[in-house]
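All remarks here apply to the structure that follows.
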Amino acid sequence: MFKKTYDWIDERLNITPIWRDVADHDVPAHVNPANKMSAFVYCFGGLTFLIIVTQILSGMFLAMYYVPDIVNAYRSVQYITDEVLLGNIVRGMHFWGASLVIIMMFLHMLRVFFTGAYKAPRELNWVVGVLIFFVVMAFGFTGYLLPWDQKAYWATAVGAQIAETVPFVGPYIKTLLIGGDILGALTLTRFFAIHVFFLPAALLGLLGLHFIMIRKSGIAGPL
Ligand code: HEM
């Protein structure tokens, strides 16, 4: 039954070469921990990606209950934690995953840096990596406000004040960031939109580029 359906789709869309290309691609010997234990450092990029996937999935479930307005945001987060089936687990995964992804990304960057993998012909991929780094940081900053509790509010207020100290353009950056003069309803909707629409789109696009470039140049050799 499955084979028949697969063959029917494959005849029309020719999908076999697409997944074969990925499935038949050999893992280079020097990045395989089965050959040499220290090669596990080459798994950090893949592990970062795994956490990103769990962040996206847990975030999608949180978005089913979260209400991005200043009257209901706090209560909706409490509702997720206390009332929704497995809500505290999903929220916990998203909360701890947010820190873990930054730690893993740093370890991955350190591996790339100390093995010199940022050098030619992979400089462009390092630049894409730096953009990914800023996007992941922005996820953390915008997500922190969403529970709309005291800690969230004042942390964002401090962040906005720091942005304001940028010479000449600081006040404009602050206004753009919080959507007006004070941190309030417009800030929350703005941060929510950035967190769930703008940043995921940017991240998926950049990761696509990152992976295409890795396939083009292969993973850098050992030192
Ligand atoms: C969400 C964040 C990221 C993910 C999921 C990710 C994923 C990956 C993966 C799976 C690889 C293949 C080799 C490996 O796993 O080590 C890789 C390679 C690479 N990454 Fe990342 N990466 C991320 C962030 C970054 C950042 C922040 C930088 C640098 C600023 C960076 C620079 C590079 C470079 C230059 C390579 C090629 C290294 C080589 O060929 O040995 N990446 N990345």
Side-chain angles (χ1 to χ4, degrees), residues 17-63 90-146 159 162-163 191-223:
I18 303 172
W19 66 264
R20 273 265 161 235
D21 178 52
V22 179
D24 295 345
H25 188 74
D26 284 336
V27 176
H30 73 282
V31 308
N32 188 349
N35 296 335
K36 198 170 164 211
M37 208 30 216
S38 60
F40 77 90
V41 293
Y42 288 93
C43 299
F44 291 162
L47 288 173
T48 313
F49 184 62
L50 182 72
I51 305 168
I52 296 273
V53 171
T54 60
Q55 287 302 94
I56 292 173
L57 292 178
S58 54
M60 278 159 63
F61 281 103
L62 292 177
V90 175
R91 187 182 169 209
M93 280 171 65
H94 203 73
F95 177 87
W96 291 106
S99 298
L100 204 58
V101 76
I102 289 174
I103 296 171
M104 241 18 258
M105 187 175 66
F106 257 106
L107 291 176
H108 169 57
M109 275 172 80
L110 288 177
R111 192 288 286 171
V112 171
F113 183 76
F114 284 111
T115 58
Y118 56 85
K119 294 181 193 168
R122 298 180 179 80
E123 313 94 313
L124 253 187
N125 213 8
W126 176 265
V127 174
V128 171
V130 172
L131 296 178
I132 292 176
F133 176 86
F134 285 124
V135 168
V136 173
M137 289 312 212
F139 263 114
F141 184 62
T142 51
Y144 205 81
L145 180 70
L146 302 184
I162 293 173
F191 272 43
F192 176 72
I194 295 175
H195 192 77
V196 305
F197 297 120
F198 290 73
L199 293 176
L203 184 65
L204 291 180
L206 287 169
L207 279 178
L209 265 181
H210 203 56
F211 294 150
I212 289 171
M213 288 189 194
I214 293 164
R215 270 311 286 276
K216 282 230 181 301
S217 8
I219 295 175
L223 280 175

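Note that ligands are numbered from 1 as they come in the structure, with each ligand's atoms numbered from 1 the same way.
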List, one per line, each side-chain donor-acceptor pair under 3.5 Å for residues 99-112, sequence neighbours excluded.
from	atom 1	to	atom 2	distance (Å)
H108	ND1	G45	N	3.4
R111	NH1	T115	OG1	3.2

Query raised in the report: Is the backbone N or O of P28 less than 3.5 Å from a side-chain atom of D26, with the two atoms forming a donor-acceptor pair by type?
Result: no
Query raised in the report: Hey, does the side chain of H195 reach the backbone of T142 with a donor-acceptor pair shorter than 3.5 angstrom?
Result: no
Quick one: table the atom pairs, ligand 1 N or O against protein N or O, below 3.5 Å, distance rounded to 0.1 Å.
from	atom 1	to	atom 2	distance (Å)
ligand 1	15 (O)	Y42	O	2.9
ligand 1	15 (O)	G45	N	3.4
ligand 1	16 (O)	Y42	O	3.3
ligand 1	16 (O)	R111	NH2	2.7
ligand 1	20 (N)	H108	NE2	2.9
ligand 1	20 (N)	H210	NE2	2.8
ligand 1	22 (N)	H108	NE2	3.0
ligand 1	22 (N)	H210	NE2	3.0
ligand 1	40 (O)	R122	NE	3.0
ligand 1	40 (O)	A220	N	3.0
ligand 1	41 (O)	R111	NH1	3.1
ligand 1	41 (O)	R111	NH2	3.2
ligand 1	41 (O)	A220	N	3.0
ligand 1	42 (N)	H108	NE2	3.0
ligand 1	42 (N)	H210	NE2	3.0
ligand 1	43 (N)	H108	NE2	2.8
ligand 1	43 (N)	H210	NE2	2.8

Report task. State whether the side chain of T54 and the backbone N or O of I51 hold a donor-acceptor pair below 3.5 Å, judged by distance alone. Result -> yes
Report summary line: Heavy atoms of V22 and R215 approach each other most closely as CA-NH1, 4.2 Å
Query - Considering all heavy atoms, the nearest P200-I194 contact - result: CD-O, 4.0 Å
